[in-house]
There are 4 protein chains.
Amino acid sequence: MLKIAIIGATGYTGLELLRILAKHPEVEIVSVTSRQEAGKKVREVFPFESYFAELVFEEPDVSKIAPRVDLVFLCVPHGAAAETARAFLEAGVKVIDLSADFRLKDAAVYESWYKTKHPCPELLSKAVYGLPEIYREEIKGASLVANPGCYPTASILPLVPLLKEKLIEPQSIIIDAKSGVSGAGRSAKLRLIFCEVNEDFCAYNVAVHRHTPEIEQELNQASGFSFHINFTTHLVPMSRGILATSYAEVKEGVTERDLREALKSAYAREPFIKILDEGLYPQTAHVKGTNLCLIGLKFDPRTGRAIIISAIDNLVKGASGQAVQNMNLMAGFPETLGLEKRPLFP
Amino acid sequence: MLKIAIIGATGYTGLELLRILAKHPEVEIVSVTSRQEAGKKVREVFPFESYFAELVFEEPDVSKIAPRVDLVFLCVPHGAAAETARAFLEAGVKVIDLSADFRLKDAAVYESWYKTKHPCPELLSKAVYGLPEIYREEIKGASLVANPGCYPTASILPLVPLLKEKLIEPQSIIIDAKSGVSGAGRSAKLRLIFCEVNEDFCAYNVAVHRHTPEIEQELNQASGFSFHINFTTHLVPMSRGILATSYAEVKEGVTERDLREALKSAYAREPFIKILDEGLYPQTAHVKGTNLCLIGLKFDPRTGRAIIISAIDNLVKGASGQAVQNMNLMAGFPETLGLEKRPLFP
Amino acid sequence: MLKIAIIGATGYTGLELLRILAKHPEVEIVSVTSRQEAGKKVREVFPFESYFAELVFEEPDVSKIAPRVDLVFLCVPHGAAAETARAFLEAGVKVIDLSADFRLKDAAVYESWYKTKHPCPELLSKAVYGLPEIYREEIKGASLVANPGCYPTASILPLVPLLKEKLIEPQSIIIDAKSGVSGAGRSAKLRLIFCEVNEDFCAYNVAVHRHTPEIEQELNQASGFSFHINFTTHLVPMSRGILATSYAEVKEGVTERDLREALKSAYAREPFIKILDEGLYPQTAHVKGTNLCLIGLKFDPRTGRAIIISAIDNLVKGASGQAVQNMNLMAGFPETLGLEKRPLFP
Amino acid sequence: MLKIAIIGATGYTGLELLRILAKHPEVEIVSVTSRQEAGKKVREVFPFESYFAELVFEEPDVSKIAPRVDLVFLCVPHGAAAETARAFLEAGVKVIDLSADFRLKDAAVYESWYKTKHPCPELLSKAVYGLPEIYREEIKGASLVANPGCYPTASILPLVPLLKEKLIEPQSIIIDAKSGVSGAGRSAKLRLIFCEVNEDFCAYNVAVHRHTPEIEQELNQASGFSFHINFTTHLVPMSRGILATSYAEVKEGVTERDLREALKSAYAREPFIKILDEGLYPQTAHVKGTNLCLIGLKFDPRTGRAIIISAIDNLVKGASGQAVQNMNLMAGFPETLGLEKRPLFP
């Protein structure tokens, strides 16, 4: 049994890890931490968890936790995550960091978007970007995995094969993304209360969303040169799900069939990626609770652009499910162990 | 008192006309029709309407209705609308058609998108496109007004001034639009039942939505030449509201301030259009129940594109409210009479 | 023009007063206050309000506000409301208090349910309970009106005529009530964020809800003797609306027709109360945005009990709409002025 | 491997069986039927199912299906279910019927509530009511199980132990129940479309709901004599979940502790029933996707009544999950096999 800890387990990603790992046959949850709820039982914070476990939240004290675990999931804010990661790594514990701290290879880019000095730039070269469909082999041997952001996961997966095959024009890429509210986290903000979100649709962080450089880094990597994209985020009045609608000019002579085949071929053996047939498009309800990424697309001959649509559950493939997929790779377990492919629908 | 009829009053646009006109001080609703519900009282179909009126649905018999009214609103499907319009016009009754039948100037374009022969092409030249902010003077003198589609209203209003001032590249325009479910109408379809829509977000009619040529017609008109756009529609799990996120390359040297000033200047005297200040973006909840169109925008210097965001209530400014605005113009009433600017929030 | 102030205008009841009074032809809003937002424009807190007014939130300083106004609405928490009310009354300003401070005639009952000493017990005898359908004449002459709670409004209106006519057994009354989330107020609480409320239904404050004594006071008054009821509250994942399902044993020989006639007769001239015909029951969507109270009922001969169902919009008839109805009475305006009867549906 | 068929697999209960059984280690789904979709692949009806199976809907032809299966689940309407059940039973196949056809022991009661003659009254004595917590031993040996209704499951479980222990007055029972929309099934009805359900709360089938006699049958059985109850159903704007708030007079001298202990003791070894501690009450979000039934309660000394609150997922413990629990018992599998206890939250 792999012994793990969840650092910062009172948010939605921590809770989702609890849900997924509870069904994982090879994992034992040894510790869950929370500065705010330390001393309380998990069931006092999440009543429905009480039916299973007598776990008690403890302080995130690395020296007390490290000796008891093989791997930790960090579900704490960026900034704080990096130093916690360093401490666990120094104690010989593997780390999957769900924050943004190790996603960007270039500390200067991090600092310009996150408006803070990077706490541990020396670890950046050691971190592997945890998108298994692209970095599977590196993840297997990693001790520090930077779990991708939810929007980047939905955005990068459909575009990388098209860029690698040089089927679309990189500089033409526009990603119009929409997310359920759980992406905003579990915190008591006026902007997030039910009556302010219900029956509303809006854009936010227009042209300044921090997931932009993360997406660009991976798309640049796939295409082999440097370019910028437009990336806009919107809030949907639902709990879970991200849908990304991407637009790109298609290179001369490329057909819809070419685009679809490139994706089908790139992901033919991927257990969690499904390329939809012509005329079908993803719905977020079809991935709710699963680790799937669905991709559909259409070429519009009138404008020469492709519309590429992808859907994930932001808390699963966009966060905790992908983290477990990474853990499975790092621990040598079957990659799909404990992860769902069938949605809770309706 | 202007005497009016609503032809096809059992759908959401007909109902919304009932709601708005009930408060209009210069209008008398003389007739409401429904083939399916003829003979029933309005309150048997919409219980909450019962508290006001003893109106009874009648058959849409033009010869019986025309002598009693000055103006009719057509809330019937395209195809059927055109012939009803002709009959009322021949009887000397003014017509505001909420269907698509008279929106496209070119019958051939209509036929290629709607897959049916245009029933009354001879009337196309007589019809005025009912977007008051653009065609106010023509509407005042019109006897046949083609009330714009909901998506076109949200899409055209923010883009026309930018095209007229030649601030953006026409061929670069991409409109990513999202609508509440009432836009799909009031009909018993499995795809529309609560459990199939709730907690879901998806795209539909990708690259083939029939509002595309309507938007292109007006944008081409504004720019003075012919081009195509990308237009993608999505379904939001909420009842009312459209948000359109448009992308366009900005011409060399144009600033965000230039874009905003062009909009502010174009719409300075418009009672229903509000250009938001820098850093503010529209929310559909802020227009719920109103005839407003809110517009916000951002220039992204990294890519050279502008992101222009507009919000309307699809049933008001996107349909019945705009129809009343047109009626006010045609009848010589104050343009804002009976129309709301304050949302029901929350 | 009646000059008014709204004390504590950043919550949903204050905002709803702004919305309603903006359309009221006989009222001028002279002042809105907020300790937290003092100095800010209303539009900085509620962007959609910006399109109308340049009102600025000020501190709730009675000495500065009283000289400028005829009447104030208090939308502040209980406890604080009472002393503010006293100060305005002493300055000769009429007060409509939307808090609970003056609803209970007996300070001891107040203290046992609200767990605090009543700040101004000497004013209790002066306060009129602002349910116009029951206390219309008293309200007309009042200088201090205690605006009823949302649940009490929905619960008292259908039961009072049945008790007065001695058609039901008082001690058998059980009220099972359900409310939309705006009833919980506009404050940043974790329990109220979208993901915690959405797709959930639950009971809360079981057997200890503070609206219980308020309902009992009025039901006891109607029946002429003292008894207790069961009152249970539930949270519905929607923004607005209360539905109360009440159960009571029917006295020997009383029929469903008797019950319905008692209600129809009691409320025959009431502009805002509608008794539904046999087989019809209220829906909260049918009162959204209106000042209506809908009542439907059924006698179950198998058990001898009546099921009485009532629906209101908690922010309108349950709060701010009823406050304006009271203001209309106090100022000698037509009682329905500025108040809606037609819902925003859908 | 147990070979099973799902008769009528295009509704929500059939789909939920597909979801649950796909993860069941001891079951093979051999056939799924649909008159309407016969010949289509499952994935053509439910796209998200396509990623797993190439199952094709077939006609519900008993002679073709019976030889291939050990057990069938009937997800067809009442009336049709009974005759299908008889045919499968005659062919030696065990039947779990999710319709109402075999729930009522008395054909006359069936006929008075369902307004149709019972098709197979001779089988009634053979059928076992499939509530494992009450009829576990009978279910183990049954060949025909009548799977309980969703509301009855939520209503019967909390009340039976209190009646058996004679802690509450039977004739005083009132059950006020609320359900998510999936309980209304997957069919294209105007009343069920999103805009008619969203932002609404209402009662329906008041005093005439067909689950009433089913609840009464089991409560009468538990108490040992015959009595009627009040049972009212409401529609909640959410997809899944039932909450039942029950009221009953408590017998002289009985305390809240007595009531809770009776429930705790009755269900001490039940894997799917959880009795909440004092002051805690169930939420439907806490059982979403699970086979759990949560029960909380409060004694109100002011009225002498207990308020008993129970929550289930109507599609799981209220239908398909309970059906699988019954199958596990009939097949000798561990009772909890394939069934979830942890909700998908949020």
Side-chain angles (χ1 to χ4, degrees), chain B residues 11-12 15-16 18-23 43-44 46-53 180-186 195 198-199 237-241 271-277 279-290 292-294 296 311 313-316 340-346, chain C residues 11-12 15-16 18-23 43-44 46-53 180-186 195 198-199 237-241 271-277 279-290 292-294 296 311 313-316 340-346:
Chain B
Y12 290 135
L15 176 60
E16 189 73 355
L18 278 175
R19 184 180 76 86
I20 295 171
L21 293 174
K23 290 189 274 189
R43 68 162 154 166
E44 293 177 79
F46 299 115
F48 48 89
E49 286 293 311
S50 70
Y51 317 129
F52 304 91
V181 188
S182 61
R186 185 168 173 270
C195 292
N198 184 40
E199 288 295 291
M238 62 183 188
S239 292
R240 289 176 180 241
F272 295 117
I273 303 197
K274 304 292 168 187
I275 312 303
L276 305 194
D277 288 342
L280 295 176
Y281 302 98
Q283 300 184 225
T284 65
H286 292 175
V287 296
K288 192 168 57 176
T290 80
L292 293 175
C293 176
L294 307 184
D313 182 324
N314 58 303
L315 291 180
V316 190
E340 293 275 349
K341 290 190 191 177
R342 230 177 194 105
L344 189 75
F345 179 89
Chain C
Y12 290 134
L15 176 60
E16 189 72 357
L18 279 175
R19 185 180 76 88
I20 295 171
L21 293 174
K23 292 189 274 189
R43 67 163 155 166
E44 294 177 78
F46 299 115
F48 48 90
E49 287 292 313
S50 69
Y51 315 129
F52 303 92
V181 188
S182 61
R186 186 168 175 268
C195 291
N198 183 39
E199 289 294 292
M238 61 183 189
S239 293
R240 286 177 182 242
F272 295 117
I273 303 197
K274 305 292 168 186
I275 313 303
L276 305 194
D277 289 342
L280 295 176
Y281 302 97
Q283 301 184 225
T284 63
H286 292 177
V287 296
K288 193 169 55 177
T290 80
L292 293 175
C293 176
L294 307 184
D313 182 324
N314 59 301
L315 291 181
V316 191
E340 293 275 348
K341 291 188 188 177
R342 233 181 191 102
L344 189 77
F345 179 89

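Residue numbers begin at 1 in each chain, while the letters A, B, ... track the order of the sequences.
- When heavy atoms are compared at a cutoff of 4.5 Å, C:Leu280 does not approach chain B at all.
- Rounding to the nearest 0.5 Å gives a distance of 11.5 Å between CZ of C:Phe48 and CG of B:Leu292.
- No part of B:Gln283 comes within reach of chain C, as not one of its non-hydrogen atoms sits under 4.5 angstrom from that chain.
- A pairwise comparison of heavy atoms in B:Pro47 and C:His286 identifies CG-CE1, 3.7 Å as the closest pair.
- Nearest heavy atoms, B:Glu199 versus C:Asn198: OE2-ND2, 2.8 Å.
- Here the CZ atom belonging to B:Arg342 is positioned 11.0 Å from the CD1 atom belonging to C:Ile20, to the nearest 0.5 angstrom.
- For C:Arg19, the parts lying near chain B are the backbone and the side chain together; criterion is any non-hydrogen pair under 4.5 Å.
- No other option in C:Ala22, C:Ser182, C:Ala285 has as many heavy-atom pairs under 4.5 Å with chain B as C:Ala22.
- Interface residue C:Leu344: backbone and side-chain heavy atoms are both found under 4.5 Å from chain B.
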